[in-house]
Amino acid sequence: MIPRRTIAIALVVLFGAAKMPFEISLNEAQRSAQLRSAALTLDLREKIGQMGFLAALSGFRSPLAAILWIEAHNAWEKTEWGRMAGIFDTVTTLQPRSMTYWDMAAWHMAWNASVAALEDKTQPSEALRIRNQRQYFQLGKDFLDRGIRNNPDNYLLYERLGVLLRDKLEDHCGAADAFAKAASFEKSPPYLARFAGYEMAKCEGREKEAYDRLRTLYDKGEAQRLPTLITTLQELEKKLDVPEADRIKSESKN
């Protein structure tokens with residue numbers, strides 16, 4: 001019996017061949033608008049096979065990526081982390097402007113796969129389990145770094161990078177920079193500016209920068225005066241020996 005995936009790709013190829021002339025002109029316009037920035041290379045052909053490569057050439061990257069995403073989900077259910085990472089790599093190559101793919105790939109690697117590696121009962125060495133866990137952390141970070149390079153005009157992946165650096169790699173300086181970059185976008189959520197300050201306060205040598213950032217937020221009014229911001233500011237005031245007259249009041253928003 002012919003596999004369903006092969007049948008699906010074959011149908012995509014046949015339909016794509018009929019609309020090839022239109023797709024060629026459309027692709028040129030999309031490249032100009034940075035909507036299709038990934039090149040169709042021999043490396044991609046090796047990853048998805050000849051049928052899939054023809055489908056991609058026919059302008060059907062999106063449905064092909066969706067088919068492969070289902071395969072990635074099947075790999076997740078079977079805890080086939082290596083295979084899953086390879087499929088994610090192919091999907092993000094096909095659809096580099098889809099932040100959802102980058103986001104989910106990073107999450108699966110840095111959270112799900114890393115936990116599985118640490119709890120791997122077939123590996124008796126704790127040191128090797130920890131090493132494998134950190135490799136998945138780095139793999140998740142790599143997905144976010146590449147996703148940001150392909151989508152530099154949106155805060156989302158910068159935010160996700162900040163969370164990963166903070167919660168998994170404990171890189172507070174890197175997390176501060178990622179959150180600060182995310183907060184710099186016009187439509188970013190207001191909590192990102194606070195997150196940048198919180199992480200900066202944990203970064204040795206940047207306490208004054210963190211204080212100035214958080215104090216600016218505090219001075220904007222009650223909406224910013226959350227308990228964590230106030231507590232962090234008070235700790236920084238003591239560390240930086242801020243004069244009593246310049247210190248904030250202790251009231252916090254409920």
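Because the structure is a prediction, the values reported are computed rather than measured.
Ring centroid separation for the pair Y136 and W81 does not come in under the 6.0 Å cut-off. Note: F179 and F195 meet the aromatic proximity criterion, with ring centroids under 6.0 Å apart. Here the two rings, on Y101 and F143, have centers that are 6.0 Å apart or farther.
For W111, the CH2 atom sits in a packed shell: over 12 heavy atoms of surrounding residues, nucleotides or ligands are nearer than 6.0 Å.
For the pair M109/K141, no side-chain contact is recorded, criterion being any heavy-atom separation below 4.5 Å from C-beta on. The shortest distance between side-chain heavy atoms of E77 and N74 falls below 4.5 Å. Side-chain contact between P152 and Y158: present, with at least one pair of heavy atoms (C-beta onward) separated by less than 4.5 Å. Residues R83 and F88 form no side-chain contact, since every pair of their non-hydrogen atoms from C-beta on lies 4.5 Å or further apart.
Each of I87, L94, T93 was evaluated against T90; a single residue qualifies, L94, per the side-chain contact (heavy atoms from CB on, under 4.5 Å) test.
A donor-acceptor distance shorter than 3.5 angstrom exists from the side chain of W102 to the backbone of P96, with no hydrogens or angles considered. Distance alone, capped at 3.5 Å, is enough to place a donor-acceptor pair between the N151 side chain and the G147 backbone.
Neither side chain, Y211 nor E235, offers a donor N or O lying under 3.5 Å from an acceptor on the other. Between the side chains of R194 and Q224, at least one donor-acceptor pair of N or O atoms lies under 3.5 Å.
Among pairs with a residue in residues 109-134, none fulfils salt bridge (Lys or Arg N to Asp or Glu O under 4.0 Å), at least two apart in sequence or across chains. Annotation: disulfide bond (SG atoms under 2.5 Å apart) contacts involving residues 166-214, sequence neighbours excluded, comprise C173-C203.
For A210 against A201, the heavy-atom pair with the smallest separation is CB-N, 3.4 Å.
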Assess the residue pair R247 and L233 against the criterion (side chain to side chain contact (heavy atoms under 4.5 Å, CB included)); give the C-alpha distance rounded to whole Å, side-chain angles, the decisive distance to 0.1 Å, and a yes or no.
CA-CA 9 Å; R247 297 189 180 190; L233 266 178; over 6 Å; no
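Under the side chain to side chain donor-acceptor pair (under 3.5 Å) criterion, E209 pairs with R206, not counting sequence neighbours.
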